[in-house]
Number of protein chains: 2
Amino acid sequence: MPPPSAPTPKATYHHGDLRTALLEAAVVALREGGIAGLSLRDCARRVGVSHAAPYRHFASKDLLLAAIAGQGFAWLAAAGRAAMAGQRDPQARLDAYGQAYVRFAVAHPEHFRVMFTAQIADCTEADQEVADAAFGLLRDAVAAVQAASPDAAIPDADTAAVAYWSRPHGLAMLLLDGRVPPEAWDTPQKLAALVHAALG
Amino acid sequence: MPPPSAPTPKATYHHGDLRTALLEAAVVALREGGIAGLSLRDCARRVGVSHAAPYRHFASKDLLLAAIAGQGFAWLAAAGRAAMAGQRDPQARLDAYGQAYVRFAVAHPEHFRVMFTAQIADCTEADQEVADAAFGLLRDAVAAVQAASPDAAIPDADTAAVAYWSRPHGLAMLLLDGRVPPEAWDTPQKLAALVHAALG
DNA sequence: GCCGTATGTTGCTGTTGTCAACATCTGGCG
DNA sequence: CGCCAGATGTTGACAACAGCAACATACGGC
């Protein structure tokens, strides 16, 4: 019988849901040591499992990161949809997406950083799809605004979408990289004002 | 004396300018394998030097990256200053900075990625200073615009600076991460139009 | 009750970051 | 000119890591 004093008593040989547990452990590890400090063996140790067990669920370290990225994109799209659901005006919907975008980044910094650091080539097709879905959501919102107010200043819908996306994305990156003093966004109000200013 | 980057087949025991050579080799390695693929030993091998030689110039791998980041911030500030020098109108100066910002990121993707990925805590004070200088340049340009047109909509100068900074920064990140199809920015004209749209 | 398969373990190889001890060169000082 | 101190480069070592292979165990269908 295994030593009964372990934090996870290791009652069973099989873990039960190792994949999920590894993803959660990886996020904690990312929070503590950043992407460079992440190691599969450390994740395995945190979960109380041998150093090669993760390979039954992730073919490589990069694919673990890709899975985290995919999860993040799914959450981001869900957050964006939820935020837009409360708005009717196209412009208001777009701004709601931008606010949700930055709020997501601040709430899940590890996910966000992995989402935009992992090399896309290494991603699964499924992960690629959820990422594209999150962007498609924004492109549609931008297109709706363009349709509502025919400025004709920006003809290309994709260009307009990228241009708008740049704003919350850049702000989120600057916040996460510590380029903005924390006291400038330590309350939801301050953060919302900052996002509002960035969205323009 | 041959220039340091000449193919010296290890004529001398000492390299001559190993520090510079290592920085250059690291940038090439970053281009080929990304930050995750960078290794000090590989840099040493590229330069034709033993695996521990880099430690005479960089106390750790992170400090090598910090040095690259510092170099990048210095270049970025120089590019921004040069771009603004040709403009008199405050708004035009600010837009010139934004254009230069994205052009720098596209021209030096490895530097740019390191600049905004390396943990700031690991940076030398000198590197930190050049980074702050690049941001200060932008804050001054934003303040000049605010002073010229008293909209009073955005009272805080720092908030306005961060808000404006978000735009070129986000666009640069999206371009470098491959989130925008390359054919959308494969000519200077297309790129300038994209930046113009993002700056708003 | 039995067996195929999914899951977890142990052990190995090659690479890396980092340190310590040693070797070599360069510049200044007599 | 000769010599020594410090700067620079080398060799060897250690621990941690990614990833692979062979083996062990448990679950689920028959």
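Each chain gets a letter, A, B and so on, in the order its sequence line appears, and its residues count up from 1. Computed over heavy atoms, backbone and side chain alike; hydrogens, waters and symmetry mates excluded. Since we're looking at a predicted model, the values are computed, not measured.
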Taking OP1 and OP2 of C/dG8, is either one under 4.0 Å from a side-chain nitrogen or oxygen of A/Ser50? no
By the salt bridge (charged side-chain N to carboxylate O under 4.0 Å, His left out) test, which pairs, at least two apart or in different chains, include something from residues 72-95 of chain B? none
With under 30° as parallel and over 60° as perpendicular, where do the rings of B/Phe112 and B/His169 fit, or are they tilted in between? tilted
Assign each of B/His57 and A/Ser39 the nucleotide of DNA chain D bearing its closest heavy atom; nearer the 5' end lies the nucleotide of B/His57
Which atom pair, heavy atoms only, marks the closest approach of B/Leu176 to B/Ala105? CD1-O, 3.6 Å
Can you check each nucleotide of nucleotides 19-28 of chain C against protein heavy atoms at under 4.0 Å and return B for base, S for sugar-phosphate only, - for none, in 5' to 3' order? B-B-BBS---
So salt bridge (charged side-chain N to carboxylate O under 4.0 Å, His left out) across residues 184-198 of chain B, not counting sequence neighbours, yields B/Asp186-B/Lys190
Parallel, tilted or perpendicular: which describes the rings of B/Phe116 and B/Tyr101, with under 30° parallel and over 60° perpendicular? tilted
In whole angstrom, give the distance that lies between atom CG of A/Leu64 and atom P of D/dC17. 14 Å
Any ion pair linking A/Glu32 and A/Arg46 (charged N to carboxylate O, less than 4.0 Å)? yes
Atom CG of A/Asp17 to atom C1' of C/dA6: distance rounded to whole Å? 14 Å
Any N or O donor-acceptor pair under 3.5 Å from the base of C/dT18 to the side chain of B/Arg41? yes
Nearest-Å distance, CG (A/Leu18) to C1' (C/dT9)? 12 Å
Within the structure shown, what part of the strands sits under 4.0 Å from B/Arg19 by heavy-atom distance: base, sugar-phosphate, or nothing? nothing
